[in-house]
Amino acid sequence: MFSKAFVPYKGYWSSPFSRWQGMLANQDSVHLAAAATRQFFTLRGYTPDLFDGIVFGTTIPQKSWFYASPYYASLMGNPKISGPLMAQACATSTVSLNYAANCIENGNNQTMLVATTDRMSNGPNILWPNPTGPGGQPTFESWVMDGFAMDPMAETSPTGTAENVAKKHGFTREQSDAMAIARYNKYTDALKNDREFQKRYMLPLEVQVSRKKTVVFAEDEGITPCTEEGMARLKTKPGCVITFGAQTHPADGNAGMIVTTKAKADELSADKNITIQLIAYGAARADKAHMPEAATFAAQNSLKNAGLSVADLAAVKTHNPFTVNDLTMQKIMGVDEKIFNNYGSSMIFGHPQGPTTMRLFVELIEELVILGGGYGLLSGCAAGDSGASLIVKVN
């Protein structure tokens, strides 16, 4: 459990998420994150020197990635600090926040900036040395595409793990389609009143599209509507239930959050009447090739560590790359749909890896503020049948 780690109200941001090969496809994610951070500072009246450490979460190498964390710190305006680079696939933001909270808890730092960013578009293609190959011929790996295709431990693709979970629990194509439609409908709630909910936290980006032209990227790109008619038309392999519409899509973007002491959070908060406290972290690993279950097991562990139950929760957000993630959590934990992934989830708005659960956590906080406070749970699965979860309390 945590007792000393707090977040200032409005001490966070997320960029819009761009579709695969879309608006952000040619933007260096480290530079883009630094530019977004500087814009965030200006918006909130913060200065880079208030931080004594960073955690930089990113999973897909960019040019000069070897220097990514200190390079980002310098680009965002504070060349005197650095911190670890976190790369745990879909759980990167969650473990980054856990690391920062522990730094505050142990007194090693007073004010940490957790910044997360990734660009799944135009990922690196790598030639690995292979001295034993014929003529020393190197081995080729496409960082993003090969990761999509095969988990070397599960011996199947991520989609294959979702089909395994569907089969284990007896989930049907009809249940999967209905969940996809429900998740899309909840995302559209965030778009009401001229995107009123998203504008509570979303930071527009200035994107250089040519030498002479800059455009403002202000809202999510590449959202596919989910309707009964549209879902019914999608095909699956024989015996399978997961269609294209029942899973997330690769995306690009960034997000970040300040983790600090209560006194500093109060000082930096946009509303002194709102207190945001990190409560507990939990991790888990599912059986081989059953990745979507890990989100549920991690959630159970974080609740246990916090001394809470599902009945204590006011809101739940999940990284749900597949419909079966949420179907499993509902079946095992009994999460009420009324508190489950309101205003959207990564299955609909996309999955850039590093910043995915950061955006979800930001949305969770804002939902709790709208509700007048309470406990919230974030959980998600990650590569290698693993999962990570956080509990937050808003007063």
Side-chain angles (χ1 to χ4, degrees), residues 17-34 55-75 82-93 95-96 115-164 208 222 237 244 247-254 285-286 288-291 294 319 321-322 350-356 381-388:
F17 283 1
S18 171
R19 65 175 175 82
W20 171 264
Q21 301 303 117
M23 181 68 74
L24 304 182
N26 297 314
Q27 305 298 312
D28 181 286
S29 63
V30 178
H31 283 258
L32 191 65
V55 185
F56 192 60
T58 179
T59 75
I60 302 168
Q62 305 284 282
K63 189 176 182 181
S64 302
W65 203 62
F66 186 76
Y67 301 95
S69 184
Y71 188 32
Y72 162 81
S74 295
L75 289 171
S82 186
L85 185 151
M86 292 288 183
Q88 195 170 333
C90 325
T92 294
S93 286
V95 298
S96 296
T116 58
T117 188
D118 261 324
R119 184 187 72 192
M120 296 199 73
S121 300
N122 300 332
N125 296 295
I126 300 173
L127 291 178
W128 295 106
N130 182 22
T132 62
Q137 184 178 17
T139 300
F140 173 78
E141 179 185 26
S142 176
W143 187 280
V144 173
M145 299 306 296
D146 287 344
F148 284 169
M150 180 64 64
D151 177 339
M153 296 163 289
E155 299 177 308
T156 187
S157 66
T159 306
T161 71
E163 292 291 356
N164 288 342
Q208 192 81 31
K237 295 180 181 179
F244 173 81
Q247 56 188 293
T248 190
H249 59 273
D252 309 324
N254 61 70
R285 195 167 185 188
K288 176 182 175 180
H290 286 72
M291 180 181 70
H319 165 51
F322 304 100
H351 181 26
Q353 297 287 329
T356 302
C381 64
D385 302 312
S386 61

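Just so it is clear, the values below take in all heavy atoms, side chains as well, and ignore hydrogens, waters and symmetry mates. Given the structure is predicted, the values throughout are model-derived calculations rather than measurements.
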Q | Worked verdict on Q62 versus D118 for side-chain hydrogen bond (donor to acceptor under 3.5 Å, both in side chains) | A | CA-CA 9 Å; Q62 305 284 282; D118 261 324; over 6 Å; no
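- The CG atom of D252 lies 8.0 Å from the CD1 atom of I60; values are rounded to the nearest 0.5 Å.
- Checked by atom type and distance alone, the side chain of W143 pairs as donor or acceptor with a backbone atom of T59 at under 3.5 Å.
- Here the closest heavy-atom approach between residue T92 and residue T58 is recorded as CG2-N, 3.9 Å.
- Closest approach of P129 and P131 over heavy atoms only: C-CD, 3.7 Å.
- Within the 3.5 Å criterion, the main-chain N or O of G350 finds no donor-acceptor partner in the side chain of R19.
- Other residues, nucleotides and ligands contribute more than 12 heavy atoms inside 6.0 Å of the CZ atom of F148.
- Using a 4.5 Å heavy-atom cutoff, the side chains of P321 and Q247 are not in contact.
- Ring geometry, Y71 versus H31: the interplanar angle exceeds 60°, so the pair is classed perpendicular (tilted spans 30 to 60°).
- With hydrogens and angles disregarded, a donor-acceptor distance shorter than 3.5 Å links the side chain of N122 to the backbone of A25.
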Q: Could you give me the CA-CA distance, side-chain angles and deciding distance for W65 and L85, then say whether side-chain contact (heavy atoms from CB on, under 4.5 Å) is met?
A: CA-CA 10 Å; W65 203 62; L85 185 151; 3.9 Å; yes
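- Although no hydrogens or angles enter the test, the distance criterion places no donor-acceptor pair under 3.5 Å between the side chain of S157 and the main chain of A149.
- Counting all heavy atoms, side chain and backbone alike, S93 lies closest to T116 at OG-CG2, 3.3 Å.
- Checking side-chain atoms of T117 against main-chain N and O of S29 turns up a donor-acceptor pair under 3.5 Å.
- Contact detail for Q27 and Q208: the closest heavy-atom pair is NE2-O, 3.3 Å.
- Note that CH2 of W20 and NE2 of H249 are 11.5 Å apart. Values are rounded to the nearest 0.5 Å.
- Annotation: the span from R119 atom CZ to D28 atom CG amounts to 6.5 Å, rounded to 0.5 Å.
- Of all non-hydrogen atoms in S69 and P84, the two that sit nearest each other are OG-O, 3.9 Å.
- Residues passing the salt bridge (charged side-chain N to carboxylate O under 4.0 Å, His left out) test with K288 are E155, sequence neighbours excluded.
- Side-chain atoms of C381 and F322, non-hydrogen and from C-beta on, never get closer than 4.5 Å to each other.
- Other residues, nucleotides and ligands place more than 12 heavy atoms under 6.0 Å from the CZ atom of F140.
- If you take OG1 on T161 and CE on M153, they are separated by 11.0 Å, rounding to the nearest 0.5 Å.
- The distance from the CG atom of L24 to the CZ atom of F17 is 10.0 Å, given to the nearest 0.5 Å.
- Distance alone, capped at 3.5 Å, places no donor-acceptor pair between the N125 side chain and the S142 backbone.
- Of the inter-residue distances, the one linking M291 atom CE with D151 atom CG reads 8.0 Å to the nearest 0.5 angstrom.
- When all heavy atoms are compared, the tightest approach of A294 to G387 is CB-N, 3.6 Å.
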